[in-house]
Amino acid sequence: GYVLARGDRRGFVAVDHRGEVFAVSKWAGIKTKEVRSRLTDEQNLPLVDEARIQIAKDMTVRLDTLFQEQASAFETRMAQLEEKRQALTRQHKAERRQLRDAQNTLWHHKQQEWRNNLNKGFRGLFDRITGKRRKIEERIEQDAWQVKIDQQQERDTLIFNQLEIRRSLQSRITRLQALKFHRLDELEHDKSQYQAMREQRLEQLEAQRREQNRIRPQPRQRGPDWSR
């Protein structure tokens, strides 16, 4: 918003949140006399520098509050993402363990199946003599190799998908951290500017007061009273 103030030459002026000064009459498109008739006595208004000091003070407080609110909001969101990351880590461990158990079960089942394909006793001896056992063993080796390849592909696919999910979540965390730094840095920058503006205007007011006191005529001292 704007703060109404008393200008040096322009009567009523409005000071915005950046400290910029606007002549009310020119700004509103009306004459100065009309402005005076509608507004309060300008002598009751603060000077421009006083208005700027108050604006800088108010804006510093508001920026402090906004900084705390923004920081708290970012911390809350970051905590939510961190909780999600930890939950995701537990979930992925469980998925890998579940796959490992399923593959071990399948492997034990296949081993039993392969053993059952090999005849024992007299039939087993006959298979060795005829070369049938060797062919069965070759098929078992090929089957076992294919199972190993399939299980490795299952593990690779699972890990790849999990990495993609983790990268996506980490990207969100990284973007949030960058946004937090950017916004809080902007607020700190704005706050430092208002603090500098307030200090500068205070120094100017103090210098003006000293100058006024210096040029103010001193009361004439009376001479000694010889009538007594």
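What you see is a predicted model, and the numbers here were worked out from it, not measured in a lab.
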#### Entry: Full working for side-chain hydrogen bond (donor to acceptor under 3.5 Å, both in side chains) between Ser171 and Arg175
CA-CA 6 Å; Ser171 178; Arg175 289 197 303 269; 2.7 Å; yes
Between [X] and [Y], is any pair of side-chain heavy atoms under 4.5 Å apart?
{"X": "Lys84", "Y": "Leu169", "value": "yes"}
{"X": "Val13", "Y": "Arg6", "value": "no"}
{"X": "His108", "Y": "Gln111", "value": "yes"}

### Task
Group every Ile, Leu, Val, Met, Phe, Trp and Tyr by side-chain heavy-atom contacts under 4.5 Å, then state whether Leu184 and Leu81 land in the same group.
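No, Leu184 does not connect to Leu81 through the hydrophobic network.
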### Task
Please report the shortest heavy-atom distance between Arg198 and Ala56, naming the atom on each side.
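For Arg198 versus Ala56, the nearest heavy atoms are CB-CB, 3.6 Å.
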#### Entry: Heavy-atom pair of closest approach, residues Val3 and Ala51
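That would be CG1-CB, 4.0 Å.
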### Query
Between Lys180 and Glu75, is the closest basic N to carboxylate O distance under 4.0 Å?
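Yes.
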### Query
With distance as the sole criterion, is a donor-acceptor pair present between the side chains of Glu50 and Gln54 under 3.5 Å?
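Glu50 vs Gln54: no donor-acceptor pair found between side chains.
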### Message
Quick one, His109 with Glu113, criterion side-chain contact (heavy atoms from CB on, under 4.5 Å). Give me CA distance, side-chain angles, the key distance, then yes/no.
### Response
CA-CA 6 Å; His109 175 75; Glu113 179 184 324; 4.1 Å; yes
### Query
Are any side-chain N or O atoms of Asn161 and backbone N or O atoms of Thr157, one a donor and one an acceptor, separated by less than 3.5 Å?
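Indeed, once roles are kept as given, a pair shorter than 3.5 Å links the two residues.
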### Query
Quick one: does Tyr194's side chain have a donor or acceptor within less than 3.5 Å of a partner on His17's backbone?
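Pair found, side chain donor or acceptor close to backbone of His17.
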Atom pair [atom1]/[atom2] of [X] and [Y] - distance to nearest 0.5 Å:
{"X": "Asp190", "Y": "Leu187", "atom1": "CG", "atom2": "CG", "answer": "6.5 Å"}
{"X": "Arg18", "Y": "Arg52", "atom1": "CZ", "atom2": "CZ", "answer": "12.0 Å"}
{"X": "Lys93", "Y": "Leu88", "atom1": "NZ", "atom2": "CG", "answer": "11.5 Å"}
{"X": "Phe122", "Y": "Leu125", "atom1": "CZ", "atom2": "CG", "answer": "7.0 Å"}
{"X": "Gln146", "Y": "Asp143", "atom1": "CD", "atom2": "CG", "answer": "8.0 Å"}
{"X": "Arg85", "Y": "Arg172", "atom1": "CZ", "atom2": "CZ", "answer": "13.5 Å"}

Pairs of donor and acceptor atoms involving the side chains of residues 96-106, under 3.5 Å and at least two apart or interchain, shall be tabulated with distances.
| unit_1 | atom_1 | unit_2 | atom_2 | d |
| --- | --- | --- | --- | --- |
| Arg96 | NH1 | Gln162 | OE1 | 2.8 |
| Gln103 | OE1 | Arg155 | NH1 | 2.7 |
| Gln103 | NE2 | Gln151 | O | 2.9 |
| Gln103 | NE2 | Glu154 | OE1 | 2.9 |
| Asn104 | ND2 | Arg100 | O | 3.2 |
| Thr105 | OG1 | Asp101 | O | 2.9 |

### Working for side-chain contact (heavy atoms from CB on, under 4.5 Å), residues Leu176 and Arg77
CA-CA 8 Å; Leu176 182 63; Arg77 183 56 182 154; 3.5 Å; yes
### Task
Begin from the C-alpha positions of Leu118 and Trp114 and carry the test side-chain contact (heavy atoms from CB on, under 4.5 Å) through to its verdict.
CA-CA 7 Å; Leu118 297 174; Trp114 295 327; over 6 Å; no
Give the table of side-chain donor-acceptor pairs shorter than 3.5 Å for residues 132-139, with sequence neighbours excluded, one pair per line with atom names and distance.
| unit_1 | atom_1 | unit_2 | atom_2 | d |
| --- | --- | --- | --- | --- |
| Arg133 | NE | Glu137 | OE2 | 3.1 |

### Query
Under 6.0 Å from the CD atom of Glu164, do we count more than 12 heavy atoms belonging to anything else shown?
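Yes, because the 6.0 Å sphere around CD of Glu164 holds more than 12 heavy atoms from other groups.
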Can I get a per-line list of side-chain donor-acceptor pairs under 3.5 Å for residues 61-74, giving both atom names and the distance, sequence neighbours left out?
| unit_1 | atom_1 | unit_2 | atom_2 | d |
| --- | --- | --- | --- | --- |
| Asp64 | OD1 | Lys191 | NZ | 2.7 |
| Thr65 | OG1 | Val61 | O | 3.1 |

### Intermediate values then yes/no, side-chain contact (heavy atoms from CB on, under 4.5 Å), Asp16 and Phe22
CA-CA 8 Å; Asp16 68 4; Phe22 304 89; 3.6 Å; yes
### Task
Start with the C-alpha gap between His182 and Glu186, add the side-chain angles, then the distance that decides, and say whether side-chain hydrogen bond (donor to acceptor under 3.5 Å, both in side chains) holds.
CA-CA 6 Å; His182 176 69; Glu186 279 189 334; 3.2 Å; yes
